[in-house]
Amino acid sequence: MNATQHFQVRTQQRCISAAMVDLILDCGASNRKGDMTLLGRKEIDKEIKKHKQLIRELEKMRSSGGAGIVHDGETLVTAFHRHKKFKRD
């Protein structure tokens, strides 16, 4: 997406980082016209909850040494916890 000079100045003046802009575009809701995207408190709370759950899952996997999946193209064959180191090709 292209940013106008006006947009760049306003985001800098209002301390809206590039990461915040990405979050608004990725997680926000568009208005009916489709010319504005908003990320309000409800949407932010929902994203925080989702990411906390993701962090819990990652910590659980880390505690078991990681995990892996064997697949053949689009077919999932098996899943396992990583207890040993595998050579990666």
[atom1] of [X] to [atom2] of [Y]: how many Å apart, nearest 0.5 Å?
X: Ile69; Y: Thr78; atom1: CD1; atom2: OG1; answer: 9.0 Å
X: Ile48; Y: Arg41; atom1: CD1; atom2: CZ; answer: 11.5 Å
X: Ile44; Y: Leu23; atom1: CD1; atom2: CG; answer: 8.5 Å
X: Asp22; Y: Cys27; atom1: CG; atom2: SG; answer: 9.5 Å
X: Ile55; Y: Lys60; atom1: CD1; atom2: NZ; answer: 15.5 Å

Taking every non-hydrogen atom, the tightest pair across [X] and [Y]:
X: Thr37; Y: Ser30; answer: OG1-OG, 3.7 Å
X: Leu76; Y: His71; answer: CD2-CB, 4.1 Å
X: Arg82; Y: Gly68; answer: CG-N, 4.4 Å
X: Val21; Y: Ile16; answer: CG2-CG2, 3.9 Å

Practice prompt. Decide if atom CD of Gln12 counts as having more than 12 heavy atoms of other residues, nucleotides or ligands within a radius under 6.0 Å.
Written response: no
Item to complete: Verify the cluster assignment for Met1 and Ile24: are they in a single hydrophobic cluster under the rule of side-chain heavy atoms below 4.5 Å apart?
Response: no
Discussion item. Please tell me whether Leu39 and Met36 are part of a single hydrophobic cluster in this structure, the criterion being side-chain heavy atoms less than 4.5 Å apart.
Written reply: no
Worksheet item: Backbone N or O of Gly34 within a donor-acceptor pair of the Asn31 side chain at under 3.5 Å?
Response: yes
Worksheet item: When you measure from the side chain of Glu43 to the backbone N and O of Gly40, does any donor-acceptor pair fall under 3.5 Å?
Response: yes
Discussion item. Please enumerate all residues that pass salt bridge (charged side-chain N to carboxylate O under 4.0 Å, His left out) together with Lys50, with sequence neighbours excluded.
Written reply: Glu47
Worksheet item: By side-chain hydrogen bond (donor to acceptor under 3.5 Å, both in side chains), which residues pair with Ser64, not counting sequence neighbours?
Response: His81
